[in-house]
Each structure stands twice: as C-alpha cells, then as structure tokens.
Protein chains: 2
Amino acid sequence: MTELEKGPKGRRRGRGARERILSASQQLFREQGINRTGMDQLCAAAEVSKRTAYQHFTGKDELVAEYLRRFDPSVLSGVFDRTDLTPRERLLAAFDIPPTTPLCPYIAAAVELHDPQHPASQCARDYKKAVAARLADTAREAGAADPEQLGEQLALLIDGAAARTRVLNADAFPAAAAIAAVLIDNAIPATAGDDRRREEVSS
Amino acid sequence: MTELEKGPKGRRRGRGARERILSASQQLFREQGINRTGMDQLCAAAEVSKRTAYQHFTGKDELVAEYLRRFDPSVLSGVFDRTDLTPRERLLAAFDIPPTTPLCPYIAAAVELHDPQHPASQCARDYKKAVAARLADTAREAGAADPEQLGEQLALLIDGAAARTRVLNADAFPAAAAIAAVLIDNAIPATAGDDRRREEVSS
DNA sequence: TGTTATGTACACCGCCCTGTGTGCTTACAG
DNA sequence: CTGTAAGCACACAGGGCGGTGTACATAACA
C-alpha cells in the first residue's frame, strides 16, 4: 500500500481540494459562465486557497478543460445505458432534459472561449462527436436505414434545442423531440426488423 | 433646415464616427467575440478616439445591443423577400449560409453576455422570434398544415446548425437543410389547398 | 520522531478592462 | 469670418483579472 501515491489523479492524502474546486467550477461556470467567473470567486466558493488551486491546475484553461471532462459519464451513459427502454425510446430519451440544465456546457465553452485550439474546445468537439456516435449506435440498434445520418441529425436537434433554449429563455426540447420522432420514423423502414419496437405514436 | 439636428441617428455634420464604430464592431465582435474585444482595440479599428465612442454610446452594453440590431435587415429580408423562389424554396434558402458566417451573432451574444436581462439578449430574443415568425409566414404561404409549428421547427434547425457548426468547426447547415426538407414535405399536405400556389414546382 | 506532500492565509504583481477629464482641432452653417 | 458642435489625443482612475511568493499549518507515513 505504500505505492498508492502518484495515482493518475495526483492527490494522495489531502482533504479533497481538487474535488471541491471542480465541484465549484461545475456550479459557477454554469450559473455565471466561464469568463465571468474569476478564480478568486471560484476559490472562495470551493473553500480552497487560490494557492492550492494553482497547485492542482496549471491555469484556468486547464481547469476549464478538466471541468468539461467531468460531464461525459453523467449525461451520456445516463441516457444510453438504460436497458428498460427500447432503442427508439432511448433515442427520444436524449431529449428529456431536466430543467436544471440551462445550456449544454460544451456549446457555452466553445462560444465563450472562442478559440478552437483551446483544450476545452477540443474536449467539447470530442464530446459532441461521441454523443453523435452513441446516437448512431442506438439508431443502428433501432434498425435505422442510415444510422450515422440519423445520429448526426438527432445530435443537431439536441444542440439546436440547447441553443434555442438559451437564447429564448424557454424550453425548446419538446419541439426538438417532436422533430426527432418524425426523423426516427422516417429513418426506420416500416418493415424494420428491429427487436423491440411495439407501439408507434406518430402524429 | 436648421432643425435637421437631433435626427434619430443623432449625428448631424460629423465625419461618421458612429458608423465606423458600428462597422468595426461588426467585424471584431464576430472575429473575436464580444468579451474578448476591448474598447481600446475597437476604437483603434474604427479610427475613432475612445472619447468619441463613449459620446455615441453610453457604454459597451449599449454598443453591443446596437450592433445586434444592425443585422435584422441584411439576413432576414435577404432571404425571405426573394420573389424568384417558391415558398418552399425560400424556406430551404434559409439554410444556405455563406461560409463567411462563423456563428449566428445572436446566439453568441446570448451566451457570452450570459444575462437574459441584458438589452442585447432581449434583442437576440426578439430577432429569433422574428425569424421564426417569418418562417411561419412562409410556411403558411407554402401551404403547411401547421405553419407556426413548422416555422418553430425550422428555426430550431437553423440554430442547431449554427451551434453545431461552431462547436465542431464543420459546416452543419447541409445536414440541417436535409432535415428541413423532410419536415417541410411532411408538413405540407400532398393535396396542398392553399391560396397562392400557382407555380407548379419544377419537381 | 521527523520528513514530506498537501493545504492555508494573505499580500502582492502586472495586465487589461471599462470608463472619464481636459484641452485642442476641424468642419460646417449662418 | 465666426460660432458651435463633432471629433481627437492623451493621460489616468478604479477595478477585476490571472497568477505568484512567502510563511505557516496539518496529515500521513517511515
């Protein structure tokens, strides 16, 4: 057990400053945006000295990138790994966004940072591609004729709903879900040989 | 003629500082974003002294709002007033975005400013609603069963393409246009009995 | 025990930002 | 020509920002 130091996460016997910093980032970056959240404020919210923060992260940029990486597991697998839904339902479940989500943080970061080379921007790109890929996988599972295309289309709908929700200050996901239902039904051949679809509620 | 002063635009015999400021805003806010463009840089680009800029605009906030208001005529009417296209083609023409458009400035402003109360944010909301309304009008013209819904859906597609283009650094408008075509065809009854379809689409 | 990694407290730096104060120049109207 | 308003040059205030230096406290392990 003397070798548990130097884990990939770095910290070995402290009192969890890094986690508090990232947790505070999650909250503040969402509520106020990245640019409008200063390191002073962030450290105060995390109950961490600024010095400590800069020992864990070389700079704000790295902190932002790490903050974005923390989202993958929660949303992504939370939707796609549900075995209680048919593939088609899983595709639609991606549009059931809890109202606690003001705007996809990846879009926000890409817009706020405004630099495609920024590590966080690349992280956002990777995430968006991963989501589209998982949507495509599920689309394939649902028997879509062109799963990649459907996945890309659904991803576009999600992003559109997110952006529009932000600009209009009104939930746009139901509208996006309605479009998604149309696209899904159009993409899955009526003779679809998929495994578990039983009811169709198209209108 | 002694009373031509105090026109709605304010300036009466100067050498056009206000126009230069707004023109420079147009360019810089797009290229660099709003937050990353300082007033110093902006005034330098506009060849205007900072003092003059603050005599025309009470602050950066007002300048940003005015900058957004300058977009309405160009894009909006440039697409919808084309009489050489059928209504259906006009709806699709909204997705023909010249590559010189990095991201819808309204979305960018709403994200960057991060304050729904900001005058520019309200301006963005108004614009988005106006676009949706014009899309709905055109949809009605095209004989859509539910024009409002189709207009809202197309607007969502446009915003999704804009956001996705920004995040992925790749043009997403063709994909959005493909979806739009599907939605339009789904929304317009094959037996379209609207008043103004005289041109038999060159299908 | 002492060493070392970790976290803290607080002051501090230089930079850039929005925004002003002041006095001078230019151009047009009468 | 003269008056007046538009615009200009320059310096500066006030503040927030990202980021550091220093000295000290604490927890885990040898």
Side-chain angles (χ1 to χ4, degrees), chain A residues 1-25 28-29 32-67 112-115 118-120, chain B residues 1-25 28-29 32-67 112-115 118-120:
Chain A
M1 292 301 200
T2 63
E3 292 298 318
L4 59 77
E5 22 181 46
K6 297 301 170 207
K9 288 298 183 302
R11 152 181 161 278
R12 91 185 197 204
R13 50 182 182 246
R15 286 210 282 342
R18 187 186 180 93
E19 293 309 313
R20 266 178 290 150
I21 295 170
L22 286 169
S23 171
S25 304
L28 291 178
F29 286 162
Q32 312 181 334
I34 295 172
N35 289 331
R36 299 182 113 73
T37 300
M39 291 298 283
D40 275 330
Q41 184 192 8
L42 197 145
C43 291
E47 290 178 311
V48 157
S49 80
K50 210 155 64 150
R51 207 68 192 79
T52 301
Y54 279 98
Q55 276 158 359
H56 281 285
F57 305 95
T58 66
K60 193 183 183 184
D61 288 351
E62 188 189 311
L63 172 59
V64 172
E66 185 65 22
Y67 142 77
E112 283 203 76
L113 302 176
H114 215 277
D115 172 18
H118 192 289
Chain B
M1 291 302 195
T2 62
E3 292 297 318
L4 59 77
E5 22 181 46
K6 298 301 168 205
K9 290 298 184 298
R11 152 180 161 277
R12 91 185 197 203
R13 51 180 183 248
R15 285 208 288 336
R18 187 185 179 93
E19 293 308 314
R20 267 178 289 147
I21 294 170
L22 286 169
S23 171
S25 305
L28 291 178
F29 286 163
Q32 312 180 335
I34 295 172
N35 289 330
R36 300 184 111 74
T37 300
M39 292 297 283
D40 275 328
Q41 183 191 7
L42 198 145
C43 291
E47 289 176 313
V48 158
S49 80
K50 211 156 57 150
R51 205 68 192 81
T52 301
Y54 278 99
Q55 275 157 1
H56 281 285
F57 305 95
T58 66
K60 192 183 183 182
D61 287 351
E62 188 189 310
L63 172 58
V64 172
E66 186 65 24
Y67 142 77
E112 283 203 75
L113 302 175
H114 215 275
D115 173 18
H118 193 291

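The sequence lines fix the lettering, A, B, ..., with proteins before strands; numbering per chain opens at 1.
Atom CG of B:Leu113 is separated from atom C1' of C:dT18 by 15 Å (rounded to the nearest Å). Atom CD1 in A:Ile21 sits roughly 13 Å away from atom P in C:dT6 (whole-Å rounding). Spacing between atom CZ of B:Phe57 and atom P of D:dG7 amounts to 11 Å, rounded to whole angstrom units. Computed from coordinates, the B:Arg18 CZ to D:dA5 C1' distance equals 16 Å when rounded to whole Å. Atom CG in A:Leu28 sits about 12 Å away from atom P in D:dC17, given to the nearest Å. One can place NZ of A:Lys50 at 16 Å from P of D:dT22, the figure rounded to the nearest angstrom. Atom pair B:Glu19:CD and D:dG7:C1' shows a separation of 15 Å (rounding to whole Å applied). Atom pair B:Arg51:CZ and C:dG19:C1' shows a separation of 8 Å (rounding to whole Å applied).
Here the nucleotide nearest the side chain of B:Tyr54, chosen from D:dG19, C:dT18, D:dC8, is C:dT18. Proximity note for A:Thr52 (side chain, C-beta onward) versus C:dT8, D:dG7, D:dG18: the nearest is C:dT8. Closest to the B:Arg20 side chain, of the nucleotides C:dT18, C:dG7, D:dC8, is D:dC8.
For the OP1/OP2 pair of D:dG7 and a distance below 4.0 Å, the side-chain nitrogens and oxygens of B:His56 include at least one atom meeting the criterion.
Interface remark: the B:Lys60 side chain does not form any donor-acceptor pair with the C:dG19 base, using a distance-only criterion of under 3.5 Å.
No contact: B:Gln41 has no heavy atom under 4.0 Å from any strand. Among the heavy atoms of the strands, none lies under 4.0 Å from B:Thr58.
Nearest-nucleotide positions on DNA chain D for A:Gln55 and A:Asp40 put A:Asp40 closer to the 5' end.
For the pair A:Asp61 (side chain) and A:His118 (backbone), a donor-acceptor distance under 3.5 Å is absent. Without hydrogens or angle criteria, A:Glu62 side chain to A:Phe57 main chain gives no donor-acceptor distance under 3.5 Å.
Rounded to the nearest 0.5 angstrom, A:Thr37 OG1 and A:Lys60 NZ are separated by 6.5 Å. Distance check, rounded to the nearest 0.5 Å: CZ of B:Arg51 to SG of B:Cys43 gives 11.0 Å. Atom CD1 of A:Ile34 sits about 8.5 Å away from atom NE2 of B:His114, to the nearest 0.5 Å.
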